[in-house]
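All values below come from the heavy atoms of this structure, side chains included, with hydrogens, waters and symmetry mates left out.
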Amino acid sequence: MRNYLFLLVFASFFLGSCTAYHDTTSRFNAYFLANEKMKEVETALFSEQKDDFNNVLGVLPLLDSTSTQSQKANLEYCISKASIPIRFHEESKWIDDCYLLIAKSRMYLGDNVNAVNTYKYLNGSSDDPNIRHQALIGLMRAFSATEQYSGVEQVMKEIANDPEPFSLENIPEFYLVAADYYRNTGNLPRAAQYLEKAVPLVKPKFKQARYYFMLGQIYQEAGESGKAFENYQKVLASRPSYDLEFNTSLNSAQVFDP
C-alpha cells in the first residue's frame, strides 16, 4: 500500500513538473524570442510605410510580400521559433499563442491562405477567449488585405454576437483593424468613429500622431474645419516624424479659421 501511494505521489509530482517544464521552456525560450522579434517587425513596418499625404493615410501597413520584404528574414525567424513549442512541447499552455504568431507572420509575408486557416483553427479550437478574439481580429485584417470584404463583415457580426467581452489588450487592435477596413472601402465617417475610439488607447505617441493626422484629413475632407484643426494640433503635440509634422503644418494652415 505504501509503495502504491508513493508511486501516485511521484507520478503526480513528475507530471506536474513536466507541465511546468513545457510551459517554462515554451514561454521563456521560443515564444518569448518570437514575440519580441514580432514587436520589432511591427514597429519597423509601421515606420516604413510609404505615404501619399494628398490622400487619407492607411491605418495599418499594407500586407503584401513587396511591402514586407525588408522584414522577411525576421518573420521567418518568428515562424521558426514559434514552431518549436508546437513540435516539442505539446503540453504547454503557450501553444495557441505560438500559433497566433505563426499566423501573423504568414499574413505579413503575404501567405494569406495559411494565415486564414490558422486563425480559423484557433477560433474554433482555443479555450482562451483572448486567443479566439485575436484570431478573429487577424481574420478581419487578412480578409480586408485581400479585399474579401464580405468575410470582414461576417467576422464583425460574429464578434458582435460573442458573449465574451474583449480584453483591454484586444480592444484597440479591433478598433484599428475596423478603421482600416472602413478606410479601405471608402466609408471615411465610420473609419473616423473607430479611430476616435482607438487613439486614446494607442501607445506610443508617434503612433497616435499618425492617427490624429488621419482624423484631421477625414474631417478636413468632410468640411469640418474645426475638428480637422483640433486633430492637427494634437499631431504636433504627439512627437510626429518630420514628414508628418511638415504636412500637418500645411494642412493646419488650410483649415485655420481665426
Checklist entry - So, Q148 and T146: side-chain donor and acceptor under 3.5 Å apart, yes or no? => result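 Yes, a side-chain donor-acceptor pair sits under 3.5 Å.
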Checklist entry - Just by distance, with hydrogens left out, do N117 and N114 show a side-chain donor and acceptor under 3.5 Å apart? => result no
Next on the checklist: Under the side chain to side chain donor-acceptor pair (under 3.5 Å) test against N123, which residue among Q134, H133, E158 passes?
Outcome noted: E158
Next on the checklist: So does F53 get a backbone contact from the side chain of D51, meaning a donor-acceptor N/O pair under 3.5 Å?
Outcome noted: no
If you look at every heavy atom in [X] and [Y], which pair is closest and at what distance?
X    : Y    : result
V202 : Q208 : O-NE2, 3.2 Å
E245 : P240 : CB-CG, 3.8 Å
Y219 : A192 : OH-CB, 4.2 Å
V235 : F213 : CG2-N, 3.2 Å

Item to check | Quiz item: cation-pi between K81 and Y31, 6.0 Å / 45° | outcome: no
Checklist entry - Passes ring-ring contact (aromatic ring centres under 6.0 Å, His included), F46 versus F206? Steps please. => result CA-CA 10 Å; F46 187 91; F206 74 86; 5.8 Å; yes
Item to check | Close side-chain approach of V41 and T68, heavy atoms under 4.5 Å | outcome: no
Taking only Lys NZ, Arg NE, NH1 and NH2, and the carboxylate oxygens of Asp or Glu, determine whether [X] and [Y] approach each other closer than 4.0 Å.
X    : Y    : result
K157 : E153 : no
E42  : K104 : yes
K37  : E40  : yes
D128 : K93  : no
D127 : R132 : no

Checklist entry - L244 and F246: same hydrophobic cluster, using ILVMFWY side-chain contacts below 4.5 Å? => result no
Next on the checklist: Going by side chain to side chain contact (heavy atoms under 4.5 Å, CB included), R141 matches just one of L60, V155, L136. Which one?
Outcome noted: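 Only one of L60, V155, L136 forms a side chain to side chain contact (heavy atoms under 4.5 Å, CB included) with R141, namely L60.
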Item to check | Audit row: F256, Y232, ring-ring contact (aromatic ring centres under 6.0 Å, His included) steps and yes/no | outcome: CA-CA 10 Å; F256 177 65; Y232 287 141; over 10 Å; no
Checklist entry - Are the aromatic ring centres of F166 and F174 under 6.0 angstrom apart? => result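 Centroid separation for F166 and F174: below 6.0 Å.
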Next on the checklist: Can you tell me which residue among Y211, Y182, Y181 is in a ring-ring contact (aromatic ring centres under 6.0 Å, His included) with Y194?
Outcome noted: Y182
Item to check | Distance in Å, I84 CD1 paired with S92 OG, rounded so as to fall on 0.5 Å steps | outcome: 12.5 Å
